[in-house]
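Reading through the structure tokens given below for one structure.
First listed ligand is number 1; within each ligand, the first listed atom is number 1. Numbering of residues begins at 1 and proceeds along the displayed sequence.
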Amino acid sequence: METIDLEQHFDAKLAKNEMIEPKDWMPDNYRKHLIRQISQHAHSEIVGMLPEGNWITRAPSLRAKIVLLAKVQDEGGHGLYLYTAAETLQISREELLDQLHTGKAKYSSIFNYQTLTWADIGAVGWLVDGAAIMNQVMLQRTSYGPYARAMVRICKEESFHQRQGYEIMCHLAFGTPAQKEMAQDAMNRWWYPTLMMFGPKDANSSNSANAIKWKIKRESNDELRQRFVNQTVAQAEYLGIKIPDENLKWNETKKGYDFSDPDWAEFNNIIHGHGPCNKERIGARVKAHENGKWVREAAAAFGKKQNAIDVAA
Ligand code: 3HC
């Protein structure tokens, strides 16, 4: 087929809401856009294991420890599905990881903040995973088949993570005054960074036009951020925890809350590698990768030996 026919065929599939699969022809910019987004997502999952993994040994009960351990392992699994989806776009795992380790690829801004108390684990589950789900439900219908299918299981697990976080917040908010204060302090520190997770305002979102055109994203950064705020206000009220925003107010005309912007200068600083924990996070990932070298070598050697046995048989 001529390129023009291939392009028409691609556009027709999108128009019919059919998935694009790895063997289908696709415009190079669509492929690059997906590699950027899926790999950023994969990196976010495995970097996201760090701030929470930090609390596994300090969880306040055996139950809390088992649940947190399972959650952090889920995030590792999400990274695996997403790297595998990205690899179907003609890029190797080594290249993807190299981009993370050298700072060429981004990962979610949210994981560059410290988890200072156990309440932060509650706030991360409730707010951060809550924001992640808000963004990711639409990705189950994204136009690229392997990404959409990976997102189905990820969303199910993220819902459990959100409940895990809200349960911790319930314990603290309905606990002693000191526990409630801890929950409020976590909310004060995580609210605005969570709003940043949805990306810059639509007017400044350089990738959104293509993402919407290609049905990679089905909703805009601002639409999802607004829905997240609308949903979270009632949850905070139930806990008796205050959202740290004097401008938060119901707006009957738009049937949603008005709210303050996060500090976009802080956001830009973080996504360009200058947040409170960027160096620490990348340092930890590089170290883990180096420590895992012998495992990769052993697995490759085993695979090679197995192939030789299969060929000889
Ligand atoms: N953190 C870091 N970088 C961000 C960002 C954030 N929160 N939001 C936007 N950016 C970057 C973009 O990557 C882009 O940079 P680039 O062009 O160099 O790649 C730039 O800021 C401009 O942003 P755009 O709005 O134009 O970018 P997108 O259209 O890609 O939108 C997004 C950003 C909403 C994050 C989108 O990429 C997306 O939906 N990604 C998939 C979901 C995802 O990655 N989620 C990570 C959340 S954490 C997580 O899932 C782990 C779980 O365990 C909690």
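For atom 33 (C) of ligand 1, the nearest non-hydrogen atom from the set Lys217, Arg225, Gln37 belongs to Lys217. Between atom 18 (O) of ligand 1 and the options His272, Lys201, Lys106, the minimum heavy-atom separation is to Lys106. Counting only non-hydrogen atoms, the option in His33, Gln40, His161 that gets closest to atom 13 (O) of ligand 1 is Gln40. In this structure, of Met197, Glu158, His43, the residue bringing a heavy atom nearest to atom 52 (C) of ligand 1 is Glu158.
Checked against side-chain contact (heavy atoms from CB on, under 4.5 Å), Lys255 has the following partners two or more places apart in sequence or in another chain: Trp250, Glu252.
In terms of protein heavy-atom proximity, atom 53 (O) of ligand 1 is nearest to Glu75 OE1, 2.6 Å. The single protein non-hydrogen atom nearest to atom 26 (O) of ligand 1 is Asn207 N, 2.8 Å, given as residue, atom name and distance. Closest to atom 50 (O) of ligand 1 among all protein heavy atoms lies Gln136 NE2, 2.7 Å. Residue, atom and distance of the protein heavy atom nearest to atom 1 (N) of ligand 1 are Ser109 N, 2.8 Å.
Using a cut-off of 4.0 Å between Lys/Arg side-chain N and Asp/Glu carboxylate O, Glu21 and Lys23 are scored as not salt-bridged. Salt bridge annotation for Arg227-Glu223: absent, with no cationic side-chain nitrogen under 4.0 angstrom from a carboxylate oxygen. Arg163 has no carboxylate O lying under 4.0 Å from a charged side-chain N of Glu167, or vice versa, which leaves the two without a salt bridge.
Residue Ser205 places at least one N or O, backbone or side chain, under 3.5 Å from an N or O of ligand 1. Considering backbone and side-chain N/O atoms, Ser44 never comes within less than 3.5 Å of an N/O atom of ligand 1. For a threshold of 3.5 Å applied to N or O pairs, the pair formed by Phe267 and ligand 1 contains no separation below that value.
When each atom of ligand 1 is checked for a heavy atom of Asp129 under 4.0 Å away, the hits are 53 (O), 54 (C). Residue-ligand proximity, Gly199 to ligand 1, at heavy-atom distances under 4.0 Å covers atoms 8 (N), 9 (C).
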Please output the side-chain donor-acceptor pairs of residues 303-313 that fall under 3.5 Å, not counting sequence neighbours, one pair per line with the distance.
none

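Residue contacts with ligand 1, taken as heavy atom pairs separated by less than 4.0 Å, involve Phe111 solely via side-chain atoms from C-beta onward. Looking at Ile110 against ligand 1, nothing comes within 4.0 Å, counting heavy atoms. When non-hydrogen atoms are compared, ligand 1 lies under 4.0 Å from the side chain of Asn221 (C-beta onward) but not from its backbone.
Glu75 places no side-chain N or O within 3.5 Å of a backbone atom of Val72 that could act as its donor or acceptor partner.
In this structure, Tyr238 has its ring center closer than 6.0 angstrom to the ring center of Phe174.
Using cut-offs of 30° and 60° for the angle between ring planes, the Phe198 and Phe228 rings count as tilted.
For Arg296, the CZ atom sits in a packed shell: over 12 heavy atoms of surrounding residues, nucleotides or ligands are nearer than 6.0 Å.
Heavy-atom distances between Gly48 and ligand 1 stay at or above 4.0 Å for every pair.
Separating the CD1 atom in Ile243 from the CD atom in Gln235 is a distance of 9.0 Å, to the nearest 0.5 Å.
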